[in-house]
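See structure below.
Just the heavy atoms: all of them, side chains too, but no hydrogens, waters or symmetry mates, feed the values below.
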Amino acid sequence: VLHSGYMLSQGDVKPYWIWAYWIDPLQYGMTALCLCEFKADRYSGLADPNNPNSGTLGDYFLSTKKITTSEFRLWIGIVFNL
């Protein structure tokens, strides 16, 4: 949910405000934009070069910001904002 210019992740929203998170079109658009950006090839390198099982830089960034890495949410964001 957009709050004073900051995007809140689902885990940061209070339970009694979660309905606003799910109906907010900005949330779907921002999630889709983040997924398009951080799932791109330029972020496909390993997050930790010393650990081959660490995942990609894009997935690491998305997980630190508590943004889902599900590609299904990307398509929901695209369809919802058409």
Side-chain angles (χ1 to χ4, degrees):
V1 175
L2 191 63
H3 180 72
S4 300
Y6 295 98
M7 193 73 177
L8 298 176
S9 67
Q10 181 181 357
D12 294 333
V13 178
K14 300 287 185 194
Y16 50 86
W17 278 107
I18 199 69
W19 61 270
Y21 174 83
W22 289 111
I23 65 167
D24 183 15
L26 295 175
Q27 175 267 131
Y28 291 103
M30 185 58 100
T31 300
L33 285 173
C34 286
L35 286 172
C36 283
E37 178 66 25
F38 292 106
K39 289 289 193 174
D41 290 338
R42 66 179 151 247
Y43 296 104
S44 63
L46 291 175
D48 181 7
N50 298 324
N51 182 2
N53 298 324
S54 65
T56 65
L57 281 171
D59 287 340
Y60 174 74
F61 178 79
L62 292 170
S63 67
T64 60
K65 298 298 180 186
K66 300 178 188 172
I67 298 172
T68 181
T69 57
S70 168
E71 303 235 349
F72 179 69
R73 291 286 296 273
L74 169 68
W75 292 108
I76 289 175
I78 291 170
V79 169
F80 192 84
N81 286 296
L82 286 177

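Taking CG of Asp24 as the reference point, atom CH2 of Trp19 lies at 10.0 Å (rounded to 0.5 Å). Put simply, OG1 on Thr31 and NZ on Lys65 are 14.0 Å apart, with the number rounded to the nearest 0.5 Å. Leu46 CG to Leu57 CG: the interatomic distance, rounded to the nearest 0.5 Å, is 8.0 Å.
Contacts classified as salt bridge (charged side-chain N to carboxylate O under 4.0 Å, His left out) and involving residues 30-58 (residues at least two apart or in different chains) are given here: Glu37-Arg42, Lys39-Asp59.
With sequence neighbours excluded, the residues satisfying ring pair (Phe, Tyr, Trp, His ring centres under 6.0 Å) with Phe38 are Tyr43, Phe61. In this structure, the side chain to side chain contact (heavy atoms under 4.5 Å, CB included) partners of Phe72, at least two apart in sequence or on a different chain, are Ser70, Ile76. Scored by the side chain to side chain contact (heavy atoms under 4.5 Å, CB included) test, Pro25 finds Phe80, Asn81 as partners (sequence neighbours excluded).
Trp75 and Ile67 fall within the same hydrophobic cluster, defined by Ile, Leu, Val, Met, Phe, Trp and Tyr side-chain heavy atoms under 4.5 Å apart, directly or through other members. Under the 4.5 Å side-chain heavy-atom criterion for Ile, Leu, Val, Met, Phe, Trp and Tyr, Trp22 and Val79 are members of distinct hydrophobic clusters.
Smallest separation of non-hydrogen atoms from Thr68 and Leu35: O-CD2, 3.2 Å. Across all their heavy atoms, Ser54 and Ala47 have their closest contact at OG-N, 3.5 Å. Closest approach of Tyr21 and Gln27 over heavy atoms only: O-NE2, 3.2 Å.
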